[in-house]
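Model, not experiment: these values are computed from the prediction.
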Amino acid sequence: MDSKKLLCFSLLCFSLLPELYGVVWVSAGGVGHRHRHRVRRSGQRLGGGELSDSNPRKLFVFGDSYVDTGNNRKPAAKSWQYPYGITFPGKPTGRFSDGRVLTDYLAKYLRVKSPIAYKWRKVGLGQLKYGMNFAYGGTGVFNTFIMSPNMSTQIDFLQQLIHESTYTAQDLHYSVALISLAGNDYGVYQATDGSAQGWQPFITKVVNQLEVNLRRIHGLGVPKIVVTSLEPLGCLPSSTVASSFQQCNATENLLVNFHNLLLQQSVAKLNSEVKDASASTFILLDLYSSFMAALNNKGDPLGNVKFENPLKPCCVGISSEYACGNVGANGEKKYTICENPGAAFFWDEVHPSQNGWFAVYSALQANLKQL
């Protein structure tokens with residue numbers, strides 16, 4: 001791949017840092033899912049043990065804005081400002097979408113409530129039994145421009161809660177971890193004058209650190225660890241705006257594929273190290289293929305969802321100076337919202353809508369069966 005193509009990818013990566021605090025950076029990755037999910041009956045075996053209504057399977061979440069459900073600072077973070085949350089529950093909840101995000105759908109699959117955000121743990125003690133969400137929008141495996149905990153620090157938070165006996169070994173035995181890495185590290189690399197020739201070595205460094213994090217979470221006692229592959233960055237509206245939202249940038253997706261290949265190899269290596277090889281401990285959630293399945297749907301139903309123009313976001317700034325949720329000095333809106341958010345796959349420049357995430361979740365069903 002020549003340096004010009006690599007530079008093209010790097011320009012996309014700069015757009016990945018989220019517009020959290022009024023800075024025009026946008027990133028990949030709203031309160032808990034109010035849907036009431038059936039919990040398996042007491043005594044029903046799940047994952048080799050018994051669970052009850054009072055002690056359901058737990059979900060621990062790490063990563064960025066694709067899975068964050070309210071950890072970023074309120075009200076400064078864009079995820080806490082209107083029109084985020086407009087579809088569900090009708091107001092901002094800290095999710096980077098018009099409604100539910102990937103965390104909510106995985107919790108639904110596990111038949112538990114969406115875990116409480118770490119920030120709100122002291123006011124939601126009754127929700128701790130479902131696990132906890134440590135993800136912060138705008139973060140990565142390394143530090144980013146967002147002053148929020150990176151993934152290593154997020155894991156520190158869980159380790160501290162274990163030390164404090166908030167969660168026991170028994171709790172961890174019946175748990176699943178969800179880890180999202182949607183590209184913020186690459187945005188920082190570009191913004192700090194990373195060379196075009198250095199992209200592949202840096203991607204290798206990112207995936208190596210992610211592997212360290214996965215191994216560490218497993219070492220804390222979590223038996224099932226789900227990690228997302230990198231979504232097709234070249235298909236995000238921040239990139240496809242150059243073609244009036246008509247086509248993905250294939251060059252950018254080539255480096256995404258390199259990231260995903262390395263991650264696939266890391267997951268295979270980690271599984272080979274696990275003593276019990278009867279089932280996968282580390283599961284790769286293929287966001288790349290599931291995004292592409294939804295984006296290439298061409299109007300046919302996927303998970304009972306149809307998208308009019310899948311590459312075009314619903315909520316956009318009125319000009320390139322603004323983004324979804326921006327307001328002027330007098331409070332005037334500097335963005336527009338599409339007439340029907342449910343018909344849009346993307347909510348803003350990089351985040352799927354609630355229906356977009358549902359389409360991704362529907363495409364992941366076979367993948368999720370490994371749980």
Side-chain angles (χ1 to χ4, degrees), residues 1 9 13 28-29 47-48 58-64 66-67 102 106 109-110 134-135 139-143 150-156 158-159 162 169 172-186 188-189 198-233 253-292 363-371:
M1 185 179 302
F9 175 84
C13 289
K58 291 167 177 58
L59 176 61
F60 296 110
V61 184
F62 307 88
D64 48 41
Y66 269 22
V67 292
L102 181 60
L106 183 59
Y109 186 85
L110 297 173
F134 302 95
T139 63
V141 294
F142 303 121
N143 290 332
N150 65 25
M151 194 179 294
S152 295
T153 304
Q154 294 171 25
I155 300 170
D156 289 342
L158 175 59
Q159 189 167 7
I162 295 171
L172 295 168
H173 180 69
Y174 296 117
S175 71
V176 173
L178 170 62
I179 293 88
S180 168
L181 182 67
N184 293 312
D185 294 288
Y186 300 134
V188 173
Y189 177 80
W199 271 114
Q200 292 193 2
F202 183 70
I203 291 173
T204 302
K205 181 180 179 181
V206 168
V207 174
N208 285 345
Q209 181 59 46
L210 181 55
E211 180 182 321
V212 170
N213 294 344
L214 296 176
R215 185 179 283 107
R216 185 179 169 203
I217 293 170
H218 183 246
L220 292 176
V222 179
K224 287 285 184 181
I225 300 172
V226 180
V227 58
T228 62
S229 67
L230 197 58
E231 74 280 6
L233 299 178
N253 285 341
L254 285 176
L255 285 182
V256 173
N257 288 331
F258 178 66
H259 169 104
N260 288 339
L261 175 62
L262 294 183
L263 181 57
Q264 184 178 22
Q265 293 171 348
S266 290
V267 168
K269 180 172 72 171
L270 288 168
N271 278 322
S272 71
E273 296 172 359
V274 178
K275 293 181 180 179
D276 181 11
S278 60
S280 295
T281 294
F282 299 91
I283 299 167
L284 185 60
L285 206 59
D286 192 355
L287 286 196
Y288 189 97
S289 295
S290 57
F291 267 59
M292 295 305 292
L364 287 170
Q365 291 303 298
N367 207 180
L368 289 170
K369 287 181 179 178
Q370 297 178 72
L371 284 172

Within-4.5 Å side-chain heavy-atom neighbours: [X] and [Y]:
| X | Y | answer |
| --- | --- | --- |
| Val256 | Pro232 | no |
| Trp199 | Leu255 | yes |
| Phe60 | Val176 | no |
| Gln370 | Val226 | no |
| Thr281 | Leu270 | no |
| Leu230 | Leu263 | no |
| Val227 | Leu181 | no |
| Leu371 | Leu106 | yes |

If you measure from [atom1] on [X] to [atom2] on [Y], what distance do you get to the nearest 0.5 Å?
| X | Y | atom1 | atom2 | answer |
| --- | --- | --- | --- | --- |
| Leu233 | His259 | CG | NE2 | 9.0 Å |
| Ile217 | Lys224 | CD1 | NZ | 15.0 Å |
| Asn143 | Asn184 | CG | CG | 12.0 Å |
| Leu285 | Leu178 | CG | CG | 7.0 Å |
| Phe134 | Asp156 | CZ | CG | 10.5 Å |
| Ser290 | Glu231 | OG | CD | 9.5 Å |

query = Tell me the salt bridge (Lys or Arg N to Asp or Glu O under 4.0 Å) pairs involving residues 198-207, sequence neighbours left out?
reply =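 Listed by first then second residue: nothing to list.
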
inquiry  = Checking Leu172 against Lys58 for the side-chain contact (heavy atoms from CB on, under 4.5 Å) test, could you report, in this order, the C-alpha distance in whole Å, the side-chain angles of both residues, the deciding distance, and whether it holds?
reply    = CA-CA 8 Å; Leu172 295 168; Lys58 291 167 177 58; over 6 Å; no

Can you list everything that forms a side chain to side chain contact (heavy atoms under 4.5 Å, CB included) with [X]? Sequence neighbours excluded, please.
| X | answer |
| --- | --- |
| Thr204 | Asn208, Phe258, Leu262 |
| Ser229 | Asn260, Leu284, Asp286, Leu287, Tyr288 |
| Asn213 | Val141, Met151, Ser152, Ile155, Gln209 |
| Pro223 | Ser175 |

Which residues share a side chain to side chain donor-acceptor pair (under 3.5 Å) with [X], sequence neighbours left out:
| X | answer |
| --- | --- |
| Asn257 | none |
| Gln365 | none |
| Asn367 | none |

key: Residues in ring pair (Phe, Tyr, Trp, His ring centres under 6.0 Å) contact with Tyr109, at least two apart in sequence or another chain   = none

task = Please name all residues satisfying ring pair (Phe, Tyr, Trp, His ring centres under 6.0 Å) with Phe291, sequence neighbours left out, ordered by chain then number.
result =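 Result, ring pair (Phe, Tyr, Trp, His ring centres under 6.0 Å) vs Phe291: Phe345, Trp357.
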
task = Would you check, one step at a time, whether the test side-chain contact (heavy atoms from CB on, under 4.5 Å) holds for Ile179 with Leu210?
result = CA-CA 9 Å; Ile179 293 88; Leu210 181 55; 3.9 Å; yes

request  = Tell me, with the steps shown, if Ser180 and Asp64 meet side-chain hydrogen bond (donor to acceptor under 3.5 Å, both in side chains).
outcome  = CA-CA 6 Å; Ser180 168; Asp64 48 41; 2.8 Å; yes

Stepwise side-chain contact (heavy atoms from CB on, under 4.5 Å) check, His218 with Phe282 = CA-CA 9 Å; His218 183 246; Phe282 299 91; 3.6 Å; yes

task = State, to 0.1 Å, how close Gly140 and Asp185 come at their nearest heavy-atom pair, and which atoms those are.
result =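 So the minimum-distance heavy-atom pair works out to CA-OD2, 3.3 Å.
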
request  = For Arg215, enumerate each residue passing the salt bridge (Lys or Arg N to Asp or Glu O under 4.0 Å) test, keeping only those at least two apart in sequence or located in another chain.
outcome  =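 Only Glu211, Glu273 meet the salt bridge (Lys or Arg N to Asp or Glu O under 4.0 Å) criterion with Arg215.
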
